[in-house]
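Heads up: the structure comes next, in structure tokens.
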Amino acid sequence: MSRSSALTSAAKLPRNFYEQATLEVSRELLGKYLVRVHRDGTTAGQIVETEAYIGPDDKACHASKGRTPRTEIMFGPPGHAYVYLIYGFHYLLNFVTEGIGVPAVVLIRAVEPREGIELMQLRRHTTAVRNLCSGPGKLCQAFAIDRSHNGSDICAGELYVEDRCERVKNIATTPRIGIDYAGKWKHNPWRFFVRDSEFVSKR
DNA sequence: CAAGAGATCATCT
DNA sequence: GATGATCTCTTGA
């Protein structure tokens, strides 16, 4: 038995978790833990907000533009990270879902900081815990996630999701944030968050 | 507190 | 050449 498995009761989510329908994965990720192992220290937090992007028809999904070098990862096997730079400033973290050839992902929009908070505060240049990971760009900065993680296997690496068997209740759904250009697709209630959480991006 | 502007670059036209 | 799955700071009520 390895040292890590002897010491932790948490289970790293296996690939078949990500093979489910994207809306299922989006909902079930709430309450799970995002974990990032780094030589400077480990950061971890409970996922409290997600969004589903389900191409190729979904106009908000990058894959609706077709299969390009950028979107290729979304067409690949589930359980891999899709990370990209937006507005020239912020990285956004997604997990590939469903099956090979189906371009769909879940965007991680907010987590509640639980471990490595001091490290997050250093990276984010702020001390307010509520402001460390309450947004998709913020959490990538707090977890030191960047382009180097694009395409990485989140079932076997330094970046992964754990099930610590904590239940969340009162899951709310709304349309997704920041996709006014997406026509009728902007109305789909594909954003999921923990209603009572202080750590979501918006209410 | 709400609204607006600016920052900055990978990607696709 | 245009545009974004954002964030922070400033302005003004």
Side-chain angles (χ1 to χ4, degrees), chain A residues 18 21-23 25-27 29-30 34 43 45 47-76 78 80-98 102-113 120-152 154 159 161 172-194 197-203:
Chain A
Y18 303 95
T22 306
L23 294 179
V25 178
S26 302
R27 185 179 287 272
L29 276 173
L30 298 178
L34 178 67
T43 46
I47 298 169
V48 295
E49 181 178 346
T50 62
E51 281 178 0
Y53 288 83
I54 311 174
D57 296 328
D58 175 10
K59 287 294 179 291
C61 181
H62 291 163
S64 67
K65 304 288 189 192
R67 191 163 183 160
T68 68
R70 180 199 209 189
T71 61
E72 183 63 25
I73 183 65
M74 280 199 261
F75 289 83
H80 289 254
Y82 170 53
V83 180
Y84 69 95
L85 183 70
I86 188 67
Y87 298 115
F89 291 84
H90 309 287
Y91 292 99
L92 271 62
L93 172 66
N94 302 256
F95 297 143
V96 178
T97 58
E98 310 223 10
V102 181
V105 297
V106 175
L107 169 68
I108 306 302
R109 283 195 57 92
V111 311
E112 174 176 337
M120 294 182 188
Q121 289 168 326
L122 281 172
R123 290 170 174 160
R124 289 275 300 128
H125 307 108
T126 183
T127 56
V129 177
R130 233 178 354 190
N131 196 33
L132 293 178
C133 301
S134 53
K138 294 178 187 178
L139 74 88
C140 281
Q141 186 180 19
F143 279 74
I145 292 165
D146 59 31
R147 275 210 75 104
S148 69
H149 295 88
N150 190 38
S152 69
I154 55 170
L159 177 66
V161 179
T173 62
T174 71
R176 295 167 291 178
I177 305 293
I179 54 155
D180 284 348
Y181 61 86
K184 68 174 184 180
W185 295 92
K186 75 179 183 184
H187 303 298
N188 294 28
W190 287 356
R191 172 178 177 241
F192 300 85
F193 65 97
V194 179
S197 175
E198 300 286 311
F199 299 90
V200 298
S201 65
K202 291 180 176 163
R203 296 164 174 282

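Everything numeric here is computed off the predicted structure, so don't read it as measured data. Here is how names work: the chains are called A, B, and so on, in the same order as the sequence lines, proteins then strands, and each is numbered from 1.
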*Yes or no on side-chain contact (heavy atoms from CB on, under 4.5 Å) for A:Val83 and A:Asn94, after CA distance, side-chain angles and deciding distance?*
CA-CA 6 Å; A:Val83 180; A:Asn94 302 256; over 6 Å; no

_Which residues in residues 49-72 of chain A have a heavy atom closer than 4.0 Å to any atom of DNA chain B?_
A:Thr68, A:Arg70

_Contacts of A:Tyr84 that satisfy ring pair (Phe, Tyr, Trp, His ring centres under 6.0 Å) - sequence neighbours left out_ = A:His62, A:Tyr82

_Residues that A:Glu198 engages under salt bridge (charged side-chain N to carboxylate O under 4.0 Å, His left out), provided they are two or more places apart_ = A:Arg130, A:Arg203

_Over all strands shown, is A:Ile179 touching base, sugar-phosphate only, or nothing at heavy-atom distances under 4.0 angstrom?_
sugar-phosphate

*Using chain A heavy atoms and a threshold of under 4.0 Å, write down where along DNA chain C the contacts begin and end, 5' to 3'.*
C:dG4 to C:dT8

*asked:* Working to the nearest 0.5 angstrom, can you tell me the gap between A:Leu23 CG and A:Trp190 CH2?
replied: 6.0 Å

*Hey, which of these two, A:Arg147 or A:His90, hits DNA chain B nearer its 5' end, going by closest nucleotide?*
A:His90

*Among residues two or more places apart or on two chains, list those pairs meeting salt bridge (charged side-chain N to carboxylate O under 4.0 Å, His left out) that have a residue in residues 138-150 of chain A.*
none

*Do we see a donor-acceptor contact under 3.5 Å between the side chains of A:Arg124 and A:Gln141?*
yes

*May I have the distance from A:Met74 (atom CE) to B:dT11 (atom P), rounded to whole angstrom?*
12 Å

*Would you please name every residue forming a salt bridge (charged side-chain N to carboxylate O under 4.0 Å, His left out) with A:Arg191, sequence neighbours left out?*
A:Glu49

*Who pairs with A:Thr50 by side-chain hydrogen bond (donor to acceptor under 3.5 Å, both in side chains), at least two apart in sequence or on another chain?*
none

_Under the ring pair (Phe, Tyr, Trp, His ring centres under 6.0 Å) test, residues paired with A:Phe95 that sit two or more places apart_ = A:Tyr18

*Is the side chain of A:Gln121 donor-acceptor paired with the backbone N or O of A:Thr127 at a distance under 3.5 Å, no angle test?*
yes

*Ranges pairing with ranges for DNA chain B, where each run has three or more Watson-Crick or G-U pairs under 3.5 Å*: B:1-7 with C:6-12, B:9-12 with C:1-4

_Touch class at under 4.0 angstrom, heavy-atom based, for A:Arg124 against every strand present_ = sugar-phosphate

_Separation of A:Leu107 CG from A:Thr22 OG1 (nearest 0.5 Å)_ = 12.5 Å

*State which residues pass side-chain hydrogen bond (donor to acceptor under 3.5 Å, both in side chains) with A:Thr126; sequence neighbours excluded, sorted by chain then number.*
none

_Interface with DNA chain B, restricted to residues 81-89 of chain A and to heavy atoms under 4.0 Å_ = A:Leu85, A:Tyr87, A:Gly88, A:Phe89

*Mind checking what makes salt bridge (charged side-chain N to carboxylate O under 4.0 Å, His left out) contact with A:Arg176, not counting sequence neighbours?*
A:Asp58

